[in-house]
Amino acid sequence: METMCRLGLGHLNLNRSGATLSPGDLQRLRLASMISNQLRGALYIMDEPCQGLTGKEVENLVGVLRELVNRGSSVVVVEHHPQFLSQCEEVFL
């Protein structure tokens with residue numbers, strides 16, 4: 001649950017249908033699930049995970065993604081959010 005809150009998913013409840021989730025919420029929910037499995041050496045590819053997030057939530061997302069990299073995984077993200085991009089190790093235009 002802590003990771004879900006860090007990823008900006010604290011507003012979700014267990015009674016909510018997956019079909020009602022936004023693409024960004026669904027993507028971050030999948031990420032929270034993968035993180036809880038403690039995968040190492042995985043490749044994570046995400047498309048605009050910052051969609052609809054506040055500045056603090058973007059900061060938390062960056063922290064979670066850094067944890068994945070520190071565990072030996074690779075993260076590739078398509079994103080346009082300036083705050084997120086300023087934290088990236090590499091940016092391709």
Side-chain angles (χ1 to χ4, degrees):
M1 185 67 172
E2 177 187 338
T3 301
M4 288 179 59
C5 288
R6 288 178 60 201
L7 291 172
L9 299 170
H11 64 282
L12 298 180
N13 63 52
L14 292 175
N15 295 329
R16 186 161 175 185
S17 166
T20 67
L21 296 174
S22 71
D25 283 351
L26 187 57
Q27 184 170 226
R28 289 188 303 275
L29 186 58
R30 287 182 183 135
L31 177 61
S33 174
M34 287 184 261
I35 289 170
S36 68
N37 291 329
Q38 301 289 320
L39 293 175
R40 296 182 187 279
L43 172 62
Y44 295 88
I45 301 175
M46 303 181 76
D47 183 25
E48 297 192 32
C50 295
Q51 185 177 12
L53 296 183
T54 65
K56 180 62 177 166
E57 291 168 336
V58 169
E59 186 178 311
N60 289 340
L61 174 63
V62 169
V64 168
L65 296 178
R66 284 192 192 283
E67 288 174 22
L68 292 174
V69 171
N70 291 340
R71 287 188 203 160
S73 293
S74 299
V75 178
V76 176
V77 179
V78 176
E79 185 57 74
H80 304 94
H81 196 287
Q83 182 182 355
F84 184 89
L85 292 174
S86 71
Q87 300 296 314
C88 293
E89 291 179 9
E90 294 186 48
V91 177
F92 299 95
L93 302 175

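Atoms considered below: every heavy atom in the structure, side chains included; atoms not considered: hydrogens, waters and symmetry mates. Note that the structure is a prediction, hence the values are computed from the model and not measured.
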If you group Ile, Leu, Val, Met, Phe, Trp and Tyr by side-chain heavy-atom gaps below 4.5 Å, do Leu85 and Leu68 land in one group? no

Identify the two heavy atoms, one from Leu53 and one from Leu7, that lie closest to each other, and give their separation to 0.1 Å. CD2-O, 3.9 Å

Just wondering, do Leu21 and Leu12 contact through their side chains at under 4.5 Å, heavy atoms? yes

Closer than 3.5 angstrom, by distance alone: can the side chain of Glu79 be matched with the main-chain N or O of Asp47 as a donor-acceptor pair? no

Does Leu31 reach the side chain of Tyr44, with side-chain heavy atoms less than 4.5 Å apart? yes

Looking only at heavy atoms, which two atoms of Val62 and Phe84 are closest? And how far apart? CG2-CD1, 3.6 Å

Scanning both residues in full, the closest heavy-atom pair of Gly41 with Ser73 reads N-OG, 3.4 Å

Roughly how far apart are Glu89 CD and Arg66 CZ, rounded to 0.5 Å? 6.0 Å

Taking all atoms of both residues into account, what is the closest heavy-atom pair of Met4 and Ala32, and its distance? CG-CB, 3.9 Å

Within a strict 4.5 Å, meaning less than it, do heavy atoms of the Ser22 and Gln51 side chains meet? no

Going through the distances and angles, do Met46 and Leu65 end up as a side-chain contact (heavy atoms from CB on, under 4.5 Å)? CA-CA 11 Å; Met46 303 181 76; Leu65 296 178; 3.9 Å; yes

Do Val76 and Val64 belong together in a cluster built from hydrophobic side chains that touch within less than 4.5 Å? no

Spacing of Asn60 atom CG and Thr54 atom OG1 [to the nearest 0.5 Å]: 8.0 Å

When rounded to the nearest 0.5 angstrom, what distance separates CG in Leu61 from CD in Gln83? 10.0 Å

Tell me which pairs pass salt bridge (charged side-chain N to carboxylate O under 4.0 Å, His left out) where either residue lies in residues 3-32, with sequence neighbours left out. Arg6-Glu67, Asp25-Arg28

Distance check, rounded to the nearest 0.5 Å: His81 atom NE2 versus Cys88 atom SG? 11.5 Å

With hydrophobic residues grouped by side-chain heavy-atom distances under 4.5 Å, do Val58 and Val69 end up in a single group? yes

